[in-house]
Protein chains: 2
Amino acid sequence: MQPSSEFVPGKKLPAGYLESQLASRSVRITRQRRIVLKVIEDAERHLNAEAILERARAMQDGASVDRVTVYRTLGLLKKHGLVDELDLLHLRGEGHYYEPRPRRQHLHMGCLGCGQVTEFESPLFEKMKEQIARECDFDVSFARVEIGGYCASCRKGKA
Amino acid sequence: MQPSSEFVPGKKLPAGYLESQLASRSVRITRQRRIVLKVIEDAERHLNAEAILERARAMQDGASVDRVTVYRTLGLLKKHGLVDELDLLHLRGEGHYYEPRPRRQHLHMGCLGCGQVTEFESPLFEKMKEQIARECDFDVSFARVEIGGYCASCRKGKA
DNA sequence: TTAAGTGCAAATATTTTGCTGTCAC
DNA sequence: GTGACAGCAAAATATTTGCACTTAA
């Protein structure tokens, strides 16, 4: 069984989710932030700051968006625990990639051959977190799993 | 049960392990590389490039070590799969932290309160990797787990 | 001997900060 | 109206590259 093709970060999010989350925390919603939030929610793959900036500028609801504003908005979302910052095994460079947090936790598999990142949800992952909480007396807020290896097509290509 | 205090990256490595691994792959061993490898093996906690450089220079077996040489040696080790590059949830900055790879795989827990990083080994983690290999037809080379949350002392401090 | 490695300087990539003018509420 | 925000420029941080000299095998 193949994993579910390419990751679709925002597919289960209600429209305007991030914006309403921020608004409910009395965070001011500016035109620029609205654009950046929408870009992150609508992303069909993990985006880094550069990609978010490009898409925000392409969107152009009338407002321009500066690179610094992207970083500051990402910082805001991180502070409120609304996005996860991922490294995806540095398969695509040294920067960070972002995805909205409130989804069910999942792990990322990065193929060292083709660079494709796919996702997987596992009940064992949940159990593992419970075990850690219990045995280590550690209050788990979030968990990231990044797995490196080779996908089926790359293995076949090599053989 | 508390986790095993601070992580001790090199404690189970035979002395000169990295050097012999590289030598067996016909990689040239220079004075500088020997120093850097020893620093990584002997580390009692995760080190970043800066910390490796400092320790290498403090060691001073007669040879000086340049920052660039540290990065190039780390690149070499990564290429040969002999170290893992970690981000430790960016709890201590944007850079990377390194640990020798050949040890049993484990996960990292970072406390969002005090920043301490501890380790944990879990059979569930091994099972999870097996499940992924089976269900996703993915050949797992390595896996990283980073968990954020609050350790017991920080929770008590807050209460 | 000589291909590979080192150090220095400079470049690149990514992210943060200071400051001034602007806008959401 | 005002405190928070945006944009620009510059700084800070982390890492890589070009090139002449040095060294391990």
Side-chain angles (χ1 to χ4, degrees), chain A residues 16 18-20 22-40 46-54 56-57 59-80 83 85-98, chain B residues 16 18-20 22-37 39 46-54 56-57 59-80 83 85-98:
Chain A
L18 293 175
E19 181 174 332
S20 65
L22 285 180
S24 74
R25 294 157 202 240
S26 306
V27 170
R28 189 171 297 185
I29 303 300
T30 63
R31 282 179 300 162
Q32 288 86 347
R33 282 186 181 165
R34 207 185 304 276
I35 293 172
V36 171
L37 298 178
K38 181 158 172 45
V39 167
I40 294 170
H46 296 104
L47 302 178
N48 59 13
E50 175 69 29
I52 292 170
L53 179 66
E54 278 169 22
R57 285 182 168 165
M59 195 168 297
Q60 281 297 72
D61 285 16
S64 71
V65 178
D66 190 82
R67 182 180 304 273
V68 174
T69 297
V70 170
Y71 279 109
R72 284 200 270 233
T73 303
L74 286 170
L76 189 69
L77 290 168
K78 280 192 278 181
K79 196 178 75 180
H80 287 276
V83 294
E85 186 177 60
L86 307 170
D87 301 277
L88 300 183
L89 302 172
H90 306 298
L91 256 35
R92 305 181 188 185
E94 292 304 314
H96 303 139
Y97 293 82
Y98 299 88
Chain B
L18 293 176
E19 181 174 331
S20 64
L22 285 181
S24 73
R25 295 160 203 237
S26 308
V27 170
R28 189 172 295 185
I29 303 300
T30 63
R31 282 180 299 164
Q32 288 85 348
R33 283 185 182 167
R34 207 184 304 275
I35 293 171
V36 171
L37 298 178
V39 167
H46 295 105
L47 302 178
N48 60 12
E50 175 69 28
I52 292 170
L53 178 67
E54 278 170 21
R57 285 183 166 163
M59 195 169 296
Q60 282 295 72
D61 286 15
S64 71
V65 178
D66 190 82
R67 183 180 303 274
V68 174
T69 297
V70 170
Y71 279 110
R72 285 199 271 233
T73 303
L74 286 170
L76 188 69
L77 290 168
K78 279 192 278 180
K79 196 178 75 180
H80 287 276
V83 294
E85 187 177 61
L86 307 169
D87 302 277
L88 300 182
L89 301 172
H90 306 297
L91 255 37
R92 304 181 187 183
E94 292 305 312
H96 304 139
Y97 293 83
Y98 299 88

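Quantities reported herein were computed from a predicted structural model and do not represent experimental measurements. No hydrogens, no waters, no symmetry mates; every other heavy atom, side chains included, goes into these values. First the proteins, then the strands, lettered A, B, ... as listed; each starts at 1.
Rounded to whole Å, the distance from OH on A:Y98 to P on C:dT14 is 11 Å. Rounding to whole angstrom units, CG of residue A:L76 and P of C:dT16 are separated by 13 Å. Note: CG (A:L77) to C1' (C:dT15) measures 16 Å, nearest angstrom. For the pair B:R67 CZ and C:dT12 C1', the computed distance is 16 Å after rounding to whole Å. At whole-Å resolution of the value, CG in A:D66 and C1' in C:dT16 are 13 Å apart. Atom-to-atom, CG of B:L22 to C1' of D:dA25 comes out at 15 Å; the value is rounded to the nearest Å. A:H90 has its NE2 atom 11 Å from the C1' atom of D:dA14, to the nearest Å. At whole-Å resolution of the value, CD in B:E50 and C1' in D:dT16 are 16 Å apart.
Close to D:dT15, at under 4.0 Å from its OP1 or OP2, lies a side-chain N or O of B:H96. Between B:Y71 and the phosphate of D:dT16, there is no side-chain N or O to OP1/OP2 separation shorter than 4.0 Å. Close to C:dG5, at under 4.0 Å from its OP1 or OP2, lies no side-chain N or O of B:T69.
Side-chain contact between B:V68 and B:R72: present, with at least one pair of heavy atoms (C-beta onward) separated by less than 4.5 Å. In this structure the side chain of B:Y98 reaches within 4.5 angstrom of the side chain of B:E85, judged on heavy atoms.
Nearest-nucleotide mapping onto DNA chain D: of A:E94 and A:R72, the residue sitting toward the 5' end is A:R72.
The structure places CG of B:L74 at 10.0 Å from CG of B:N48, a figure rounded to the nearest 0.5 Å. Between the NZ atom in B:K79 and the CZ atom in B:R25 there is a gap of 10.5 Å [rounded to 0.5 Å].
Residue B:R33 is in sugar-phosphate contact alone, with no base atom involved, counting any heavy-atom pair closer than 4.0 Å across all strands shown.
The two residues A:R57 and A:D66 come nearest to each other via the heavy atoms NH2-CA, 4.0 Å. Pairing each heavy atom of A:L53 with each of A:V65, the nearest pair is CD1-O, 3.6 Å.
Each of A:K38, A:R33, A:R34 was compared with A:E19 under the side chain to side chain donor-acceptor pair (under 3.5 Å) criterion, and only A:R34 meets it.
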Could you list the protein-to-nucleotides 22-25 of chain C atom pairs, N/O on both sides, closer than 3.5 Å?
from, atom 1, to, atom 2, distance (Å)
C:dA24, O3', A:I29, O, 3.3
C:dA24, N3, A:R28, NH1, 3.4
C:dC25, OP1, A:I29, N, 3.2

